[in-house]
Amino acid sequence: MRGFISAVFATVFVTLAIGISPPGKVAVAQDERPKTTIDLEWEAVEGAAGYEVELTPKSGGDKLRFKSEQSTLSEKVPADVYRLRVRSKEASSGIYGAWSGSIEVDATAKKIELLEPMELAELNADGSNRRSVEFKWSPAAGARFYILKVWSDDPTKAKEFRTPKTSLRFSVAGMKRYQWSVTFHSEKAINYATPSKTGSFLVRGPPLQKPVLDDIELPYVTQFSWSKSDGAERYETHLARHALDETEWAPYRSEPEFKDEVWKVEKLPPGAYRVEVSAHSSLRASSEKDFIEFVVKPTKEDLAKAVRSTLGLISRTPASETSSQP
Amino acid sequence: MGILISILVFFLPQAHAAPSAPAPTKAELELQAKAVKEAEQKLCYSTNEYVKTLKFLRETKEFTFQEEASRKIADSVSKGCDGATERFSVVLTLLKNIGLTERKSLEMALEFAAQPPDVQKNFVEIFTNAFLTEFFDFEYSHALKIAIEMSKDYKGDPAMAREDFIKLVRFCKETKSLDLPMRLCGDYMAKIAKSSQYYNAGVAKPFFDLFASLRDRKELSLDVKTSMIVAHDILKSGPRAPQNFFEAFEFSRKELDYNKRRALDFGLKLAGRSFVGDAPPILQFPLSQSTSGQKASQ
C-alpha cells in the first residue's frame, strides 16, 4: 500500500490558480493572506473508500486536512508553500493507511494586481507641472521586496524602485503618459514572481490658459470669437438660451470638438443667451470656462416690420366677408 | 258741428301751446354730439373682432396655435369690443418678436386686447422705447414694469403720459450736452414720466423748464445728473412744487443765511409739502377716452 501510494504521487497534478482574488474578497478573520485555489489529482487506489489530504504550510501555522471520496481535490487555501501528503481509507475496514511521502506544492500568488493609479487614470499636474503619484499594488505572499518600474516613452529608461511595502509615492512630470509594472522577490531563494500587467496613466500638464471671449456684436449675432489658448487641441463651446420671461437656460447649440477660435452660428433670434468656451488638450488639464451672457434684441425697424406684417395680414382678411357689418 | 270741430282743431294748438323751446346752442349741440359719439363707442361689432382674430391666427406663420386654441383666443378677444383684434395682434407680435415665450406673449396680448386703445398704445410705445437698444435699452423686466405703470396702472390721461414719455426719450436721445449714458438718462426720465398724471398739461414742459433753471441759474448751477435727481424730487410733489422750491431756496439764501447746500435741502423739504395726502391729486383726465376695449357683455 505504501509503495503503491508513493507511485501514485508521481502522477499527482497540481494546478495552481494563477492570480489572487481581488482585494476585499480575500480577507478572512483568521488569515488575511490572499487565498489560492489548488486543484489536486492523484491516481486512485484500488479498494479505497476515500482519501485524506494534508497540507503543511512552510511558513508555520496549523496543518490543513481535507477529506475526499474521489482521487481529486479542489480547495481554496491561504497563499503559501505547502508540504503535501495523502493517505487512503480502506473500504472494508474504514481505516486510513499510512501517509505517502510528501511533495512541495507552491500555492503562493504568482501575479500582482496594480491598484493605483487606476488603469488609464488621468491625473492633473500642479502649477509647476509635477504630480505626486501614489502607486499601490496587491501584496504577494512571501514577497521579500517589490520592484516598481515606471517609464514614459522608453521602457529601457524606466525608473526602478525597491520597497518591502505595497505602495510607493513619488513625483512625476506632467504632460506625459506613463506605464508601470511591479514584480517581487520571494523570501525564498526561488523567485516565483511573474511580472504584473503593465498599467498606464496620464499626468496632464498645468491647466490651459482660459480662452477669453470677445465682445458680442449686437444686434445680429452670427459668430463668437475668443483668444487663442496655447497648447489647446480643441475648444468646447456651449450656447444656451432662454426666453426673456423665463430663467432656466436650455441648450441651444454645442460644439464639443471645435478646432478654431471663431464659432459661426446662424443669426440668433431675440432672447437671452449664455455662451461658454473652454480649451482642452489630451496632455494638459482643461482651462477654466469663459462665458458671456447677453440679450439679443430686435431693432426698431425689425419690430416695426413684424408689426406691419401682422396688421397687413389682418387688413387682408376683412371680417366683412363673413359679417353683415354696415 | 263738423265746422266747429275744424275750427277748434285749428285754434287749439295755438291757444294751448307751450312756449316754444329755444334753439340749442352750439355748445349744447357739441356736447350732445360728444355724448352720442361716446355712447356709440360703447357699441361693439363683436363678430367682426372674433372673425378677424380667428382668421389672423389661422393665417399667421409666426404662431402655431391649434384650431381649438385659436377659437378660444378669438372668443376672448371679441369681448374687447372694436379694435380688439389689432390691439391683441400688435402686442402678441411685439412680445414674441422681442423674445418672450408664446405663452407669455399670448397672456399679455389678451390682457391688452381688453384695454382701451390709448392704454394699449401706451404699453406698446413705452415698452418699445424703454426696451430697445436704440432707446433706453433697459432689461426686459424693467422695461415691462415701466410700460405697465404707464399704461394699465396709469391713472391719468394715457395719451398725455405717452406724449410726455416720448418727449423725455427724445430729450435724452437728442440733447448732446447731457453727456449721460442713454440708459442712465432713461432711468431718470422713466421716473419723471410717472409724475405726468399730476400735471394738467403733462410733466414734460415743467421738467424742461425746471431742468434748465437748475442748470443755468447762477446761484444753483447744478450738474446734469444732480439736476435730474433734484428735478424728479421736486416734480413728484405736484405742480406747485417747483414754485415752492425756488421760493424756499431764495428765501433761505437771503433771509436765513443758508449756504447753497442747505438752501437746496430746505427748498426740497418745502417742495415736498406741496400737496396734502399721500400723493398729489391727479390732474389729468382723458378728454375723449374711447371706451372700446372695455369688456363687452359676456
Side-chain angles (χ1 to χ4, degrees), chain A residues 215-222 239-253 265-275 291-326, chain B residues 44-63 74 77-78 82-109 124-125 127-129 131-144:
Chain A
D215 288 343
I216 309 289
E217 286 182 24
L218 295 165
Y220 301 118
V221 182
T222 54
L239 180 63
R241 179 187 185 275
H242 68 70
L244 297 181
D245 55 315
E246 292 178 327
T247 51
E248 293 276 310
W249 293 111
Y252 190 75
R253 298 271 185 281
V265 291
E266 283 176 25
K267 184 182 148 193
L268 300 180
Y273 292 88
R274 178 188 167 99
V275 61
F291 71 90
I292 294 182
E293 290 180 6
F294 60 98
V295 172
V296 174
K297 296 184 178 185
T299 62
K300 188 187 177 191
E301 201 178 321
D302 292 337
L303 216 47
K305 199 175 159 188
V307 170
R308 269 201 307 274
S309 163
T310 290
L311 291 175
L313 193 61
I314 291 171
S315 65
R316 277 200 304 278
T317 55
S320 53
E321 288 170 16
T322 52
S323 88
S324 55
Q325 178 187 328
Chain B
C44 312
Y45 290 110
S46 51
T47 306
N48 187 41
E49 297 304 324
Y50 180 94
V51 175
K52 276 199 297 184
T53 303
L54 186 59
K55 284 190 171 181
F56 162 67
L57 292 174
R58 281 175 179 169
E59 289 186 22
T60 180
K61 289 184 174 61
E62 206 163 338
F63 304 93
V77 173
S78 70
D82 294 357
T85 306
E86 284 78 5
R87 291 193 293 279
F88 164 78
S89 57
V90 166
V91 173
L92 185 70
T93 305
L94 170 82
L95 297 181
K96 181 78 196 318
N97 275 275
I98 66 129
L100 260 62
T101 55
E102 209 161 87
R103 181 184 47 76
K104 182 70 178 176
S105 305
L106 176 65
E107 184 188 307
M108 293 192 65
V124 170
E125 292 211 14
F127 179 79
T128 306
N129 278 281
F131 179 72
L132 291 184
T133 312
E134 293 101 317
F135 304 100
F136 289 164
D137 196 19
F138 289 157
E139 284 181 9
Y140 156 73
S141 53
H142 188 35
L144 181 72

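Each chain gets a letter, A, B and so on, in the order the sequences are listed, and its residues count up from 1. On a predicted model such as this, the values are computed, not experimentally measured, just so you know.
- Top candidate by heavy-atom pairs under 4.5 Å with chain A, chosen from Leu94(B), Leu144(B), Thr133(B), Leu132(B), is Leu132(B).
- A distance-only check finds a donor-acceptor pair linking the side chain of Glu49(B) to the backbone of Gly83(B) [under 3.5 Å].
- Of the two parts of Phe131(B), the backbone and the side chain both hold a non-hydrogen atom closer than 4.5 Å to a non-hydrogen atom of chain A.
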Let's go through Leu268(A) and Tyr252(A) carefully: what are the C-alpha distance in whole Å and the side-chain angles of both, what is the deciding distance for side chain to side chain contact (heavy atoms under 4.5 Å, CB included) to 0.1 Å, and is it a yes or a no? CA-CA 10 Å; Leu268(A) 300 180; Tyr252(A) 190 75; 3.7 Å; yes

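- Only one option out of Leu239(A), Val221(A), Ile292(A), Val295(A) pairs with Tyr273(A) in a side chain to side chain contact (heavy atoms under 4.5 Å, CB included); it is Leu239(A).
- In this structure, chain B has heavy atoms under 4.5 Å from both the backbone and the side chain of Pro298(A).
- Taking the side chain to side chain contact (heavy atoms under 4.5 Å, CB included) definition, one finds that Ala306(A) meets it with Thr93(B), Asn97(B), sequence neighbours left out.
- In this structure, Leu100(B) CG and Met108(B) CE are separated by 7.5 Å, a value rounded to the nearest 0.5 Å.
- Looking at Thr128(B), only its side chain comes within 4.5 Å of chain A, counting heavy atoms on both sides.
- When the candidates Glu134(B), Lys96(B), Lys104(B) are compared by the number of heavy-atom contacts under 4.5 Å with chain A, Glu134(B) comes out ahead.
- Taking Ser309(A) as the reference, nothing meets the side-chain hydrogen bond (donor to acceptor under 3.5 Å, both in side chains) condition, with sequence neighbours excluded.
- Among Leu218(A), Asp245(A), Asp302(A), the residue making the largest number of heavy-atom pairs under 4.5 Å with chain B is Asp245(A).
- Asp137(B) touches chain A through backbone and side chain together, each having a heavy atom under 4.5 Å away.
- Taking Leu92(B), Thr101(B), Thr53(B) one by one and counting their heavy-atom pairs under 4.5 Å with chain A, the maximum is reached by Thr101(B).
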